[in-house]
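The sequence lines fix the lettering, A, B, ..., with proteins before strands; numbering per chain opens at 1. Any value given below was found using the heavy atoms of this structure, including those in side chains, with hydrogens, waters and symmetry copies removed.
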Amino acid sequence: MNIGYACLVVGVQNTDMKSCTLKNASDERLLELIGHNLESLENIVGYNIKNNISLFRISSDLIPFGSSPVNRLSWDEIFADRFRCIGQKIKDSGMRVSMHPGQYTVLNSPYTLIVEKAIDDLNYHNRVLKALETGPEHKIILHIGGMYGDKCEALKRFALNFNNLDQGVRDRLVVENDHKAFNINDVLEIGTNLDIPVVFDNLHNEVNPYPGDRSEKYWIDQCRETWKSKDGNQKIHYSQQDPAKRPGSHSSTISVGRFMEFCSSLEGLDIDLMLEVKDKNISAIKCINAVAADKNIKYLEFEWSRYKYSVLENSPAIYLEIRKLLNNKQDYPVMPFYNLIEEAMKTGKTKGNSVNAMQHVWGYFKNTASDTEKKRFLKMLEGFEKDQIASASVKSYLWRLAVKYDEKYLLDSYYFIL
DNA sequence: TGACGTCAAGATCCG
DNA sequence: CGGATCTTGACGTCA
C-alpha cells in the first residue's frame, strides 16, 4: 500500500511552485520559472524519499502555461537532464507519481475549441511524465467533464474524443467520479467501455452517489477490475469532509481514527491511496505511520519533534500526556498518539499557552540572537500580550529567525504552519 | 453574471 | 522599506 498527497508540500523550504500572469509570460520569465519549479520538484522528491512517502501527485503548475500557446518553449528538451535526474530518483526509490488536470480541462465539451484545449492539456501532462521517463503506471487522472443537459450524449462525446487522443496519453489516462455530474457507476461504465482504469473517490461518491446502498468496498472492487497489470496497482482517492464547509470540501487534516476504519473496510486489499487534504504531506505521514508494518517508536518520536510546539501552544496538558505516552520504547502507541494530537489541535489557544510556546521556541535563539533581535522579540511578545498584534506575526518572526540561524529542529517543526 | 476551487501573483495598506 | 492582508488571475460549466 502506497499512501501519498497532492501537488504541494507544506512547511518545507524550497518546494514552492512559481507562476506568473499571462501578460508577463515571456520566454525568459518562463525559463526562469520552469528552472525554479524543477528545483522545487527535485526537493519535493527528496523530501518524499526521506519520509517514506511513495505516492505523489505532481502539480500541473510545474510548467507555467504548459498547455498554452504562450509557452512555445521546448522545455522538455531544454531541461531534459534535470527531468531525467528527477525521474531517476523517482524510479530508484520506487515512488509512483501522477498528474491530475483540474476541473477546467473538459474533454467532452460540445465546443471544439474547448476540446482542443483539453487535448493540448492532456498532451502537456503526458509530456511531463514522459520527460521524467516514467512508465504508463504513472497516471493522468481526469474527470469526465460536463453534462450539457444530456448525460448519455456527454458520455458518448467523451468516448469519441478519448479515442482520438495520442496513444501515449491513452496509455496513462484514468477516469474519476466527480462530486456533481458523473457518479461512480457512470465512470465505471465508460472506463470499462474504453478499457481504461477508474479511480474511486470516496468523498465524491458520498456527495454524488449512485442511487442504492452499495458499499464503498463494492465500488472499489468494481474499479479493481479496470486496473490491468500494465496500469500498476489500483489507486483510489481518499478524503474526509470538512464539517464546517459545504459538502465535498476537503478537511484540514485526516482524522486518523476514521482513516483506520476505512482501511479496515478494505479487508486487506493492496491499494494505492491518494489523500486529498489541506495539510498535505502532514496527513500523509500520519496515515503512513498509522498503517506502518515496521512499528518502531522512532517514527512517532520524529513526529513528536515536529508537532510538540503546536501541541504546547494548544494544550500543555496533552503535551505532558504525549510525553508520557512515548516513554516506553518497546511500544508503538500510534493511535492514541495521533488522537491526542488531533484533540490538542481542536483546543482553543489561550494567550498564556501561546506565550509559553513562543518562549520555548525563542529559547533556541536566546544565546545566538543579537540585542536588536532580542528587543524586537520581547516587544512583539508584549504587543501580543496586549492584543496589539496577532500571534501569527510573532510566529512568523520566530520562523525568520529559525531560517536565519538555520535551526534544523525548528525548520522541521509544524509550529509555524498549524 | 457570479459561484464554484485552487493556488500564487499582484496590489494595497500599514507601521 | 518590509511585512501583512486583500484582490485578481486562469480555467469551463451551470444556475
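- The residue Lys280(A) sits close only to the backbone: its heavy atoms come under 4.0 Å of sugar-phosphate atoms, none of a base.
- For the pair Leu62(A) CG and dC7(B) C1', the interatomic distance rounds to 15 Å; values are reported in whole Å.
- Across the protein-nucleic acid pair, His36(A) atom NE2 and dA9(B) atom C1' stand 13 Å apart, rounded to whole Å.
- As judged by a 4.0 angstrom heavy-atom cut-off over every strand, His250(A) is placed among residues touching the sugar-phosphate backbone only.
- As a whole-Å value, the separation of Met380(A) CE from dA4(C) C1' is 11 Å.
- With dA9(B), dC7(B), dA4(C) as the choices, the nucleotide that has an atom nearest any side-chain atom of Ser393(A) turns out to be dA4(C).
- A cation-pi arrangement, defined by a distance under 6.0 Å to the six-membered ring centre and an angle within 45 degrees of its axis, is absent between Arg82(A) and Trp75(A).
- Both the sub-6.0 Å distance and the 45° axial angle are not jointly satisfied by Lys308(A) relative to the ring of Tyr415(A).
- Listed by first and then second residue, the side-chain hydrogen bond (donor to acceptor under 3.5 Å, both in side chains) pairs that reach into residues 209-218 of chain A are Lys217(A)-Asp221(A), sequence neighbours excluded.
- Between the CE atom of Met99(A) and the P atom of dT6(B) there is a distance of 17 Å, given to the nearest Å.
- For Arg400(A), no side-chain nitrogen or oxygen approaches OP1 or OP2 of dG2(C) to under 4.0 Å.
- The nearest whole Å value for the distance from the CZ atom in Arg57(A) to the P atom in dT6(B) is 11 Å.
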> Does the pair Ser54(A) and Asn2(A) meet the rule for a side-chain hydrogen bond (donor to acceptor under 3.5 Å, both in side chains), with working shown?
Replying inline: CA-CA 6 Å; Ser54(A) 48; Asn2(A) 295 311; 2.7 Å; yes

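- As rounded to whole Å, 13 Å separates atom P of dA10(C) from atom CG of Asp61(A).
- Spacing between atom CD of Gln388(A) and atom P of dC14(B) amounts to 17 Å, rounded to whole angstrom units.
- At least one cation-pi condition fails for Arg57(A) and Tyr5(A): the charged atom is not both under 6.0 angstrom from the six-membered ring centre and inside a 45 degree cone around its axis.
- Closest-nucleotide positions on DNA chain B for His179(A) and Lys18(A) were compared, and the one nearer the 5' end corresponds to His179(A).
- Look at CG on Leu401(A): it is 11 Å from P on dG3(C), rounded to the nearest Å.
- Note on Asp272(A) versus Arg96(A): salt bridge recorded, some NZ/NE/NH1/NH2 to OD/OE distance being below 4.0 Å.
- For the 3.5 Å distance criterion, the side chains of Asn353(A) and Thr350(A) qualify, holding a donor opposite an acceptor.
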Give me the distances for all protein-to-nucleotides 11-15 of chain C N/O pairs that come in under 3.5 Å?
residue	atom	partner	partner atom	Å
dG12(C)	OP1	Lys117(A)	NZ	3.4
dT13(C)	OP1	Ser109(A)	OG	3.0
dT13(C)	OP1	Tyr148(A)	OH	2.3
dC14(C)	OP1	Met147(A)	N	2.7
dC14(C)	OP2	Tyr148(A)	N	3.4

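- Ser396(A) comes within contact range of the sugar-phosphate backbone alone, with a heavy-atom separation under 4.0 Å but no base atom that close.
- Contact annotation for Asn24(A): backbone-only contact, meaning every heavy-atom pair under 4.0 Å involves sugar-phosphate atoms and none involves a base.
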